[in-house]
K.L.:
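Okay, here's the structure, questions in a sec.
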2 protein chains.
Amino acid sequence: MRPRLQDVADRAGVSMKTVSNVINGYVHVSEAMRAKVLAAIDEVGYEPNLSARNLARGRAGMIALVVPQLDMPYFASLSMHVLEAAEKQGWVVLIQQTRGDAEKERAVLAGRFGQRVDGIVFSPLRVGTDEIRQRRDRTPLVLLGERPVDGVADHVVIDNVAAADLAVSHLLDLGRRRVAMIGGPVGSTGTHRSEGYAAALTRRGIAVDPDLVVPVHSNRGEEGEAAMDAMLARLDTPPDAVFCMTDWVALGVIRSLHLHGLRVPDDVAVVGFDDIPYSTASTPTLTSISPDRAAVAREAVASLAAQQKGEHEPREIEVGFELVVRESTAGGAGLRRPAGR
Amino acid sequence: MRPRLQDVADRAGVSMKTVSNVINGYVHVSEAMRAKVLAAIDEVGYEPNLSARNLARGRAGMIALVVPQLDMPYFASLSMHVLEAAEKQGWVVLIQQTRGDAEKERAVLAGRFGQRVDGIVFSPLRVGTDEIRQRRDRTPLVLLGERPVDGVADHVVIDNVAAADLAVSHLLDLGRRRVAMIGGPVGSTGTHRSEGYAAALTRRGIAVDPDLVVPVHSNRGEEGEAAMDAMLARLDTPPDAVFCMTDWVALGVIRSLHLHGLRVPDDVAVVGFDDIPYSTASTPTLTSISPDRAAVAREAVASLAAQQKGEHEPREIEVGFELVVRESTAGGAGLRRPAGR
DNA sequence: ATGAAAGCGCTAACAA
DNA sequence: TTGTTAGCGCTTTCAT
């Protein structure tokens, strides 16, 4: 049978309380006592029973991570980091997928997890500020992603305007002038990346050309490909650069360009967003905005911990990002390998 | 405060036991009683406390899923399915990553999770049959992946020999004769995919050419690219087809071929293994062996459930797969789009 | 600084 | 068929 706290106490010749004190790092324990207890723990091979601990502490011991889909590489990578950050707080992570379904997203806000979890890290695709504001569930919540939340809950983000601006400026620095965007539309409220796109162009005195902007309704490669197909069919002269909302979309865009006989980056330079693992395996490798995912995860978990301790002023938490330049903007004929690889 | 079982009982005017019976689907409950209790549950908004339930039941309520890396798309996708299958058994999934580190893999066998979990789904990259046989931890264990396990534990797999055979036969059916393999080596014990490769060639009277086989030491795209570079540097005539151990490796191989001025599939057809989500976004889209991941996950979780109920004859559990044909073997100049997309 | 004992919310003998 | 009650293993007042 598995050793319990009492077994350790018996072995060390002390009470359960003392063992508990040692385990939980209570300060007022003599060094000798601590050593004796630790030895006993080691001898009997004690491991705390988390169900019992959580029951006694009145917490669930787990948090929910709600993402659109785990097999979307950005979220896979993000989840990885959340798992690591949560583990340090003694939390197990219950991953839930919404598959971009508005109903499922609403269920999260409605308390679908009941009080089963100590907190929720939520990356919404559909629900907006109003729905979030009106939620009744009191479970600590932290939001991720580009959608604005107007201070209704903690929100961990990168500065999407600045990031998009940086990506587009990079294209302009390369001498490109007809810079398209897949994934807009420009001007609709809250699309920060579109804002950065427009800002970068405007600063150089280039007007935003609506013909060079095609919105997509999901982040899938297929959508990106179709969008690029549509744009090319419509234009007499193709763009000389494309800024894509996500890397996955960018991969589809590159497919489309390739199938239309356009070379990347020679004819058209392409920048993505997210820096998914595949950006180094694609042909050409993909220039992309790389958000500091580890920081996103860390801040999200820290937010939940703070909320659990009573903190309750919703905060906007900003984390870093960088532009990683690879072949899709820097290569010659797709045959050179830049250092960034 | 969160409603408890007692609150439901009070509301319904019955005892806790009756409520518990209803919740746990005990058979001998009158319809009227059941309805009354369900109504009460609904009225007070009761949700069971899992810590308490698990403590009382003497189980942890969670299983561990140990994979090399969650942001490798095959494992991301697999994890997604495991989450779903486990949820149906009332299990939360604690995902752990080994990053292919032999030490971490051994820690899993040594009981790093203590008795913290009710079972372990383990996808090993390094540890072998012997180490698994010698483990002392009694936690139910089920293994995934190609590595053979000689009946030391439950093992969920596809028939890797048949799958590789199918992939290579497909290449031969296309008229290719110099079929290379990235990820061997042929003949080393237990590499089922290599076996299938050799079998398909032999059946057609083609000898395995050692010059056309290059092993890789990880499944990363970079490795595949380097391996293909090496092969091309060595050969006077390039192969006309390549069978790759994984899709990720295949992406790297395609990069290498492209950078050497070889067209896929015109000059060289490429088949991957795993059918990761990106195989439809790459240029060209990737022909691949697609294991029935949902079945893998389902069987793995079922295995743990069976072991927990006392079953203990290690079983080899086989699940299905299929070959998905896409542009990397079927396209013309990479410009045609086959129906398989 | 350490010990004794009362819960945490649920399940499952055992009774009725 | 339904009720009573003793744990499950841990934390945590409250004493000492």
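Given the structure is predicted, the values throughout are model-derived calculations rather than measurements. So you know, we letter chains A, B, ... as the sequences are listed, proteins then strands, and number each from 1. For the numbers below, each heavy atom of this structure counts, side chains included, while hydrogens, waters and symmetry mates do not.
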K.L.:
Starting from C1' on C/dC10, measure out to CZ on A/Arg53 and report it in whole angstrom.
P.N.:
20 Å
K.L.:
What's the shortest heavy-atom distance between B/Asp71 and A/Ala76, and which atoms?
P.N.:
CA-CB, 4.1 Å
K.L.:
Would you please confirm or rule out a distance under 4.0 Å between OP1 or OP2 of D/dC10 and any side-chain N or O of A/Tyr46?
P.N.:
yes
K.L.:
Among the candidates D/dT1, C/dG3, D/dT12, find the nucleotide nearest to the side-chain atoms of B/Ser30.
P.N.:
D/dT1
K.L.:
Taking only side-chain nitrogens and oxygens of B/Ser15, does any of them come within less than 4.0 Å of OP1 or OP2 of D/dG3?
P.N.:
yes
K.L.:
Taking only side-chain nitrogens and oxygens of A/Thr18, does any of them come within less than 4.0 Å of OP1 or OP2 of C/dG3?
P.N.:
yes
K.L.:
Whole-Å distance between D/dC10 C1' and A/Tyr26 OH?
P.N.:
17 Å
K.L.:
Round to the nearest Å and state the distance from B/Leu55 atom CG to C/dA12 atom P.
P.N.:
12 Å
K.L.:
For DNA chain D, whose closest nucleotide is more 5', that of A/Lys17 or that of B/Val29?
P.N.:
B/Val29
K.L.:
Any side-chain N or O of B/Ser20 less than 4.0 Å from the OP1 or OP2 oxygen of C/dT11?
P.N.:
yes
K.L.:
Taking only the side-chain nitrogens and oxygens of A/Ser51, find out if one of them lies under 4.0 Å from OP1 or OP2 of C/dC10.
P.N.:
no
K.L.:
Is B/Asn24 close enough to C/dT11 that one of its side-chain N or O atoms is under 4.0 Å from OP1 or OP2 there?
P.N.:
yes
K.L.:
Does the pair B/Arg99/A/Glu84 count as a salt bridge with the N-to-O cut at 4.0 Å?
P.N.:
yes
K.L.:
Separation of B/Leu5 atom CG from D/dT2 atom P, in whole Å?
P.N.:
15 Å
K.L.:
Is a donor from one side chain sitting under 3.5 angstrom from an acceptor on the other, for A/Asp10 and A/Gln6?
P.N.:
yes
K.L.:
How many whole angstroms separate atom CZ of B/Arg59 from atom C1' of D/dG9?
P.N.:
17 Å
K.L.:
Which nucleotide in the set C/dC10, D/dG3, C/dT2 lies at the smallest distance from any side-chain heavy atom of B/Pro48?
P.N.:
C/dC10
K.L.:
Is there a donor-acceptor contact under 3.5 Å linking the side chains of A/Ser303 and A/Glu299?
P.N.:
no
K.L.:
Which atom pair, heavy atoms only, marks the closest approach of B/Gln89 to B/Ala305?
P.N.:
OE1-CB, 3.8 Å
K.L.:
Under 4.0 Å, counting only non-hydrogen atoms across every strand here, what does A/Met16 touch: a base, just sugar-phosphate, or nothing?
P.N.:
base
K.L.:
Send over the distance from B/Gln6 CD to C/dT11 P, rounded to a whole Å.
P.N.:
13 Å
K.L.:
D/dC8 P sits how many Å from A/Leu50 CG, rounded?
P.N.:
18 Å
K.L.:
Nearest whole Å is fine: how far is C/dC10 P from B/Ile23 CD1?
P.N.:
7 Å
